[in-house]
Amino acid sequence: GGSLDPETGLMYIPLGSASPNFNASTRQTPNLYSNHMVAVNITNGDMIWATPFIAHDTVLKNVDVPDTHDWDTSWGSSISEVTLENGSQKKIIIGHDKMGNVIAMDAAAGNEIWWKTLGKPINIDKIPAPNGSGLIWAYGVYNYHAVDKDNTLYITATNRGLNFFTDGISGHKKAASDTIEQGLKNGTIYAIDIVTGKIKWRLDTEFPPRVSPLVTDGIVFTGYLPYEGKSKSGIILALDKQTGNKLWEFNINAPIAPVGPSIGNGMLFVPTGKLSSDQKLSEVSGEGSLIAFEPVDT
């Protein structure tokens, strides 16, 4: 997914990683434009700029290139017009990747304004090998983020542990023990100042917070996926947007889709994965449902 500025006709699109994912021996060229955020003019298809994340000429100081871990620029972008301290206005693009790097870019030129790596990466310099890289942990971004008119970015990052192997010119990965799909373990919900990159607050979660945030009326809706073995459930969280304090939570007894909740007609709608056998909120069966929360008078 990407974002569009209707005033300029520019679309800001995150791009995936080069293939084969885990063995770069056959792709030593710059691999343009893998793992980039690109700005494309939708009226004529011209590429206006391309900013590398985990790719050649990246601004990031803690990674080597090329990418050998499928850390592509993931899950959308956003454009925000912000007011700077001197009173001037600037349009900023936010993008992120599966290693947990978040970059704020100038919308007109793609220049980096600030960047940070979420969480505490471990062994990210280890590359895949026939007998494995050893466990590599990184706080990847695996869902969309949200922005608010007070220049705040709300984003969740999921701690993931994987061992990467090469198989000839290709490869595979194995998840760490006591994790779910793709090695997901736990993570953190962040509120970040879009202008400066300063973290306003953070909330650590015991389980993967792979639920895209939604901000409205002073509340951030997000959630996490508690699991037992490989069986996942889903918790929807309502947080105070200023402090991150929990207002309420609800277990929907089904995994929440990474696209996250939405708002309409004063109601909260939460898409789910496959329902559990003891699901009480709906009699709908199959691979997913939509749960609606009614507005409550206070």
Side-chain angles (χ1 to χ4, degrees), residues 1 14-17 21-22 34-37 51-55 58-78 92-105 112-128 133-147 152-164 173 175-176 179-194 196-213 222-225 244 258 260:
L15 300 179
S17 56
N21 286 334
F22 310 126
S34 64
N35 294 19
H36 282 62
M37 181 71 72
T51 297
F53 278 58
I54 302 179
T58 179
V59 301
L60 303 169
K61 307 302 182 185
N62 58 353
V63 294
D64 294 325
V65 292
D67 174 24
T68 53
H69 302 84
D70 190 29
W71 279 328
D72 51 281
T73 310
S74 58
W75 291 92
S77 65
S78 65
I92 293 179
I93 304 300
I94 297 293
H96 34 68
D97 64 28
K98 292 180 182 175
M99 204 202 84
N101 300 302
V102 181
I103 304 182
M105 296 153 280
E112 303 81 19
I113 299 171
W114 57 260
W115 60 88
K116 62 172 62 264
T117 301
L118 303 177
K120 296 179 180 179
I122 299 174
N123 291 333
I124 59 171
D125 59 334
K126 306 299 182 182
I127 64 173
S133 61
L135 275 179
I136 296 173
W137 292 89
Y139 261 58
V141 179
Y142 296 101
N143 37 260
Y144 298 101
H145 62 265
V147 294
T152 303
L153 162 70
Y154 300 95
I155 191 169
T156 67
T158 299
N159 191 23
R160 180 173 78 156
L162 292 169
N163 193 349
F164 296 87
K173 58 183 182 290
T179 64
I180 53 175
E181 58 191 84
Q182 304 295 318
L184 305 182
K185 177 68 174 178
N186 47 31
T188 304
I189 302 164
Y190 294 91
I192 302 175
D193 188 299
I194 293 179
T196 65
K198 180 181 178 180
I199 295 176
K200 293 185 174 182
W201 55 257
R202 55 177 290 168
L203 177 65
D204 294 327
T205 60
E206 182 182 358
F207 297 101
R210 201 183 174 190
V211 179
S212 296
T222 183
Y224 57 90
L225 303 178

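Because only heavy atoms are used, hydrogens play no part in the values below, and waters and symmetry mates are left out as well, while side chains stay in.
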Close side-chain approach of Arg210 to Glu181, heavy-atom, < 4.5 Å: yes
Euclidean distance, Asp97 CG relative to Asn101 CG, rounded to 0.5 Å: 4.0 Å
Side-chain donor/acceptor of Ser74 to backbone N/O of Val141, under 3.5 Å: yes
Heavy-atom closest contact (Ala104 atom, Ile92 atom, distance): CB-CG2, 3.9 Å
Modelled atom types, side-chain donor and acceptor of Ser133 and Asn123, under 3.5 Å: no
Exercise: do Thr73 and Asn35 side chains pair donor with acceptor under 3.5 Å: no
Donor-acceptor under 3.5 Å (Thr205 side chain, Tyr224 main chain): no
Closest heavy-atom pair and its distance - Ile180, Pro208: CD1-CG, 4.1 Å
Asn186 and Phe207, any side-chain heavy atoms less than 4.5 Å apart: no
Parallel, tilted or perpendicular: ring planes of Trp201 versus Tyr154, cut at 30 and 60 degrees: tilted
Euclidean distance, Thr58 OG1 relative to Asp64 CG, rounded to 0.5 Å: 11.0 Å
Side-chain touch Pro213/Asn143, heavy atoms, less than 4.5 angstrom: yes
Val102 backbone acceptor or donor facing Trp114 side chain under 3.5 Å: no
Greater than 12 external heavy atoms within 6.0 Å of Lys116's NZ: yes
Pairwise distance CG(Asn159) to NZ(Lys185) - rounded to 0.5 angstrom: 9.0 Å
Greater than 12 external heavy atoms within 6.0 Å of Leu135's CG: yes
Residues Asp67 and Ser34: side-chain donor-acceptor under 3.5 angstrom: no
Any Trp71 side-chain heavy atom under 4.5 Å of Ile124 side chain: yes
Any Met105 side-chain heavy atom under 4.5 Å of Met37 side chain: yes
Distance, nearest 0.5 Å, that separates CD1 of Ile192 from NE2 of His145: 10.0 Å
